[in-house]
Amino acid sequence: MGETSYGKILISEEQIRNRIKELGAQITKDYEDKKLLLVGILNGCVYFMTDLSREIDKLLQIDFMVVSSYGSSTSTSGVVKIIKDLNRSIEGFDVLIIEDIVDTGLTLSYIKEVLEARKPNSVKICTLVNKIGRRKVDIDVDYVGFEIPDEFIIGYGMDYAEKYRNLKDVLIIRPELI
Ligand code: PRP
């Protein structure tokens with residue numbers, strides 16, 4: 001594993017790019033006849049959303065939500081609040097929620113329930129990384145880029161105290177930086 005000044009590389013830029021191509025091809029196929037709406041959960045999703053959406057070879061629409069769960073701490077409060085909602089009705093759309101990480105699952109189980117109540121055709125979840133070992137609630141994650149161990153990670157959208165999101169690789173943060 002490569003070492004950088006911010007930590008060890010867990011998933012390299014190249015691995016991310018290759019996996020996103022695969023996910024994009026799979027989603028293109030699965031949503032061939034569907035009215036696809038990608039819903040990104042800000043802020044962590046931004047890099048994944050822009051890269052993945054361009055690997056999906058079909059007409060689609062994008063929208064974003066902002067929710068608060070963690071604040072600047074590293075452990076979940078269990079409280080999810082919608083700070084910015086979608087700008088449209090999702091009735092009849094096939095919604096694919098785009099996340100950087102699913103950890104306890106609390107955020108996604110709440111958002112999925114909220115969106116399902118709005119009568120879309122379907123709601124599925126796509127995450128770049130999945131920390132299955134940290135689940136507090138059972139939730140189906142339909143598309144997973146990478147299964148990862150329970151390490152504190154940064155980069156490619158993921159932050160520590162709002163920093164390091166723009167790193168190109170996913171890193172295990174150096175303990176001295178916490
Ligand atoms: C992260 C991530 C998910 C949530 C997942 O967001 O983007 O929304 O945590 O954690 P959970 O499965 O334990 O609920 P965060 O609150 O860190 O905000 P950010 O996207 O702005 O980084």
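Atom set for the values below is all heavy atoms of this structure, side chains included, hydrogens, waters and symmetry mates excluded. In listed order, ligands and their atoms are each counted from 1.
In terms of polar-atom proximity, I41 is not counted as a contact of ligand 1, lacking any N or O under 3.5 Å from an N or O of the ligand. For N43, a nitrogen or oxygen atom sits less than 3.5 Å from a nitrogen or oxygen atom of ligand 1, counting backbone and side chain alike. Note: an N/O pair closer than 3.5 Å links G44 and ligand 1 by distance alone.
For the side chain to side chain contact (heavy atoms under 4.5 Å, CB included) with V123, the qualifying choice from L37, I97, D94, I111 is I97, the only one to do so. With I98 as the fixed residue, the side chain to side chain contact (heavy atoms under 4.5 Å, CB included) test singles out one of T127, L52, I41: L52.
The residue V80 has no part lying near ligand 1, judged by heavy-atom distances below 4.0 Å. Contacts between D100 and ligand 1 below 4.0 angstrom, taking non-hydrogen atoms only, involve the side chain exclusively. Contacts between R165 and ligand 1, counted as non-hydrogen atom pairs separated by less than 4.0 Å, involve the side chain only. Contacts with ligand 1 closer than 4.0 Å are made by side-chain heavy atoms of E99 only, the backbone lying farther away.
Every atom of ligand 1 with a heavy atom of T107 under 4.0 Å away is listed here by number and element: 4 (C), 5 (C), 8 (O), 10 (O), 11 (P), 14 (O). If you number the atoms of ligand 1 from 1 as listed, the ones under 4.0 Å from a heavy atom of D159 come out as 22 (O).
At a cut-off of 3.5 Å, with distance as the only test, no side-chain donor of Y156 or N166 sits close to an acceptor on the other residue.
Under a 4.0 Å heavy-atom criterion, L42 is in contact with ligand 1. A heavy-atom separation below 4.0 Å is not found between L108 and ligand 1.
Look at E22 and R19 and you find a salt bridge, because one of the NZ, NE, NH1 or NH2 atoms lies within 4.0 Å of a carboxylate O, short of that distance. Salt bridge present: R165 and E162 bring a charged side-chain N and a carboxylate O closer than 4.0 Å. For K58 and D33, the salt-bridge test fails: no basic side-chain N is under 4.0 Å from an acidic carboxylate O.
Of the possible polar contacts, one joining the T28 side chain to the D57 backbone as a donor-acceptor pair under 3.5 Å is found.
The cationic atom of R88 (NZ for Lys, CZ for Arg) lies less than 6.0 Å from the six-membered ring centre of F93 and within 45° of the ring axis.
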